[in-house]
Q: 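Okay, here's the structure, questions in a sec.
We name chains A, B, ... by the order of the sequence lines, and we start the count at 1 in each one.
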Amino acid sequence: MTDYKQQVADTIKQAIGDGVLDDAVIFDKIERPKNSKMGDFAFPAFVLSKVFKKAPQAIAEELVGKINGDGYEKVVATGPYVNFFLSKPEYSKNVLETVLAEKGNYGQNQDGQNGNVPIDMSSPNIAKPISMGHLRSTVIGNSVANILAKNGYHPIKDNHLGDWGTQFGKLITAYLKWGNEEDVKRDPINYLVKYYVRFHKEDVDHPELDDEAREWFSKLEHGDEQAINLWKWFRSVSLEAFNQIYAKLGVSFDTYNGEAFYNDKMPEVIELLKQKHLLKESQGAQIVDLSKYDLNPALILKSDGASLYITRDIATAIYRDREYHPAMNLYVVGSEQTYYFKQLKAVLEEMGVPSAKNLHHIPFGLITVNGKKLSTRSGRIILLDEVLNDSIALAKKQIEEKNPNLPDKDKVAQEVGVGAIIFGDLKNDKMDSINFVLEEQLRFEGETGPYVQYSRVRAESILRKVPDFDPETSSRDLDDPEAWEIVKLLNDFPTIVKTACAEFEPSVIAKYSLRLAKAFNKYYAHTRILDDVAQRDARLSLVKSVSIVLKESLRLLGVKSPDEM
RNA sequence: GUCGCAGUAGCCCAGUUGGAUAGAGCAACGGUCUUCUAAACCGUAGGUCGAGAGUUCGAGUCUCUCCUGCGACACCA
């Protein structure tokens with residue numbers, strides 16, 4: 001595959017002459033004009049005006065005079081810019097050739113050299129419902145994993161469950177007092193939450209409940225059989241409920257190493273910190289001083305000797321280091337924890353944990369309701385499952401209206417409804433906070449997941465009309481000016497894949513898929529693809545290529561692509 | 001108070017890392033289905049890019065000051 005930007009840079013370099021500008025400088029200056037009528041690539045001549053002491057307009061003219069237009073459609077000076085128009089038939093052929101040959105593999109690179117990348121994501125708490133708040137971590141983590149794999153890494157999706165802690169003492173106490181097995185079996189999360197809430201209500205007037213809860217947690221920690229069995233049961237019924245939602249979202253995990261998993265690995269952390277003489281006492285608690293990182297001290301042990309979140313995270317990082325020798329160590333956690341992750345990284349560096357320098361917090365903005373943070377206590381909670389079901393129901397309704405003869409309606413409704421929610425989350429910069437309004441989530445028109453899905457459905461529909469079309473052997477001699485924008489976008493895909501990976505930013509893919517879908521819909525509206533016999537196969541090659549790249553883009557986002565909808 | 005993130009059309013957001021006339025979507029108004037799926041396409045209208053200064057040939061983009069919103073600031077996770 002020809003690197004056209006490099007080709008343009010070489011042409012410019014020859015025209016300028018040796019030793020005037022660095023090769024890299026020239027390459028960096030080459031840009032894509034905002035308006036494609038200006039050209040396919042442009043070189044702004046401003047940088048040269050100082051060197052040659054001439055107006056950039058004049059320099060642009062001179063450069064064009066020195067360029068012989070071989071390999072280009074034309075090269076023109078427009079004001080201070082040298083604008084390059086690529087040779088469309090050759091370029092198109094080249095691009096389509098590559099996409100059709102590589103299919104879903106198009107854009108794959110090996111930059112990651114198969115390095116392991118554990119990703120901390122989703123992380124719901126046992127016995128609590130999965131809310132919209134968990135959606136972001138789940139869906140961003142899943143997409144980042146797909147993007148990493150596309151760049152040659154080996155992602156390891158780790159659902160760091162909140163499955164340990166004093167709340168289990170409370171839960172056991174509450175269950176034994178007011179619970180019943182049938183209810184929990186029927187609707188685990190709902191009833192477990194009820195017990196938990198009731199505990200907190202009653203505990204106001206009956207402080208002795210707290211003692212009981214403490215005792216049960218202590219029993220749990222010391223391996224009491226009844227306590228352990230109840231804990232295991234709560235955990236497994238919760239996980240079953242979670243997995244139904246994950247299945248709906250199309251997200252799976254490689255490990256569920258939650259807090260309980262690391263519980264027995266804490267003493268070693270403390271021991272290591274002591275060996276390195278990093279622990280200091282302060283106000284009765286054990287801290288690590290981080291003043292040389294310009295950070296507040298990290299509190300490792302409470303004054304009562306109990307461990308904290310960071311202790312567990314240190315244990316996690318050390319475990320991952322030994323287990324995976326990770327190329328990167330990722331945490332998809334809300335942006336409100338940015339400072340905390342700086343501290344964690346600093347402590348790990350002090351401890352000399354090798355992967356510390358490759359620890360990346362992937363932050364994202366809050367989901368709010370009326371501008372306020374979600375919280376179970378204040379009742380501002382939106383259940384993810386309900387939102388997904390609403391969206392699926394709406395998709396079903398649309399299918400009944402628009403395409404009542406569609407086979408597999410329920411499956412498609414799920415793919416479209418869930419796709420809308422996932423795409424809606426991933427479309428914008430992950431740092432943007434999202435003010436949740438249900439009606440805005442349930443939109444299938446304009447810049448949405450269903451729009452991209454629908455675009456590919458149209459492409460597939462055309463391809464079905466010509467069963468004898470063979471993308472392997474068909475003509476790729478596309479000489480179709482209307483298709484030009486699409487071809488250029490197709491050529492961008494491998495670069496987009498790399499950018500999304502470097503920035504841990506799924507929205508780069510989502511925005512790209514919108515651009516491609518939009519360009520295709522425009523083409524579709526203006527060109528009768530099947531009518532012109534002479535151009536038919538080349539056009540179908542383009543349609544097939546669009547379908548391939550749209551499907552792959554959606555896959556990277558974790559969104560399904562139905563063939564019909 | 002200190003630190004971090006953000007402020008672009010009525011609403012929600014892009015803006016190719018400093019380049020050409022600031023762009024989409026939603027909402028509004030008007031047009032396009034006997035012809036490859038109208039979940040689409042085309043058009044109209046909508047802007048002091050939070051405010052001010054600075055750097056430069058050139059600033060939505062970089063620097064500084066201020067304003068506004070959100071978040072974080074050791075014994076929660």
Q: Among C75(B), A20(B), U16(B), which is the nearest nucleotide to the side chain of Q283(A)?
A: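 The nucleotide sitting nearest to the side chain is C75(B).
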Q: Nearest to the side chain of R528(A), which nucleotide is it out of U37(B), C36(B), U16(B)?
A: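 In terms of side-chain proximity for R528(A), the closest of U37(B), C36(B), U16(B) is C36(B).
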Q: Checking only heavy atoms, does the side chain of N83(A) share a donor-acceptor pair with the base of A20(B) at less than 3.5 Å?
A: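 Pair found.
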Q: Name the residue from Y91(A), Y523(A), F85(A) that meets the ring pair (Phe, Tyr, Trp, His ring centres under 6.0 Å) definition with W484(A).
A: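 The passing option is Y91(A).
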Q: Nearest to the side chain of L299(A) - A77(B), C75(B), G71(B)?
A: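 Ranking A77(B), C75(B), G71(B) by closest atom to the L299(A) side chain puts C75(B) first.
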Q: Check for me: is Y309(A) stacked on A77(B) by the 5.5 Å centroid and 30° plane-angle rule?
A: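 Yes, aromatic ring over the base.
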Q: Classify the side chain of S335(A) and the base of C5(B) as holding, or not holding, a donor-acceptor pair under 3.5 Å.
A: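 There is none.
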Q: State whether the distance check finds a donor on one side and an acceptor on the other, under 3.5 Å, for side chain T448(A) versus base A39(B).
A: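 It does not, because no donor-acceptor pair links the side chain of T448(A) to the base of A39(B) below 3.5 Å.
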Q: Can you identify which nucleotide, out of C13(B), C73(B), C70(B), has its nearest atom closest to the N296(A) side chain?
A: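 So the nucleotide nearest the side chain must be C73(B).
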Q: Under 4.0 Å: is that the gap between some side-chain N or O of K302(A) and OP1 or OP2 of C76(B)?
A: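 Result: yes.
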Q: Using the C1' atom in both, what is the distance from A14(B) to A9(B), to the nearest Å?
A: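 Nearest-Å result for A14(B) against A9(B) at atom C1': 13 Å.
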Q: I want to verify a distance call: between A14(B), C36(B), C41(B), whose nearest atom is closest to the D432(A) side chain?
A: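 Comparing A14(B), C36(B), C41(B) against the side chain of D432(A), the answer is A14(B).
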Q: Please determine if a side-chain N or O atom of R515(A) lies less than 4.0 Å away from the OP1 or OP2 oxygen of U16(B).
A: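 Looking at the OP1 and OP2 atoms of U16(B), neither is under 4.0 Å from any side-chain N or O of R515(A).
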Q: What's the closest nucleotide to the M565(A) side chain, out of A74(B), A39(B), C36(B)?
A: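 So the nucleotide nearest the side chain must be A39(B).
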Q: Side chain of A525(A) only, heavy atoms from C-beta on: which candidate in C5(B), C41(B), C75(B) is closest?
A: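 Per side-chain heavy atoms of A525(A), the pick is C41(B).
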Q: Does OP1 or OP2 of C36(B) have a side-chain N or O of K465(A) closer than 4.0 Å?
A: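 No, no such contact exists.
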Q: If you check every side-chain atom of E31(A), which of A20(B), C75(B), U35(B) has the closest atom?
A: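 Closest nucleotide among those given: A20(B).
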Q: Which one, C70(B), A20(B), A40(B), comes nearest to the side chain of E445(A)?
A: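 That would be A40(B).
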Q: If you measure from the C1' atom in U55(B) to the same atom in U65(B), how many Å do you get, rounded?
A: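 To the nearest whole Å, 15 Å.
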Q: Which nucleotide sits closest to the side chain of R464(A): U37(B), A72(B), C26(B)?
A: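 Among the listed nucleotides, the one closest to the side chain of R464(A) is U37(B).
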Q: Roughly how many Å apart are C3(B) and U21(B), using the C1' atom of each and rounding to a whole number?
A: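 The same atom, C1', in both gives a distance of 40 Å.
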Q: Could you measure between the two C1' atoms, the one in C73(B) and the one in A53(B), and give it in whole Å?
A: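 Those two atoms are separated by 32 Å.
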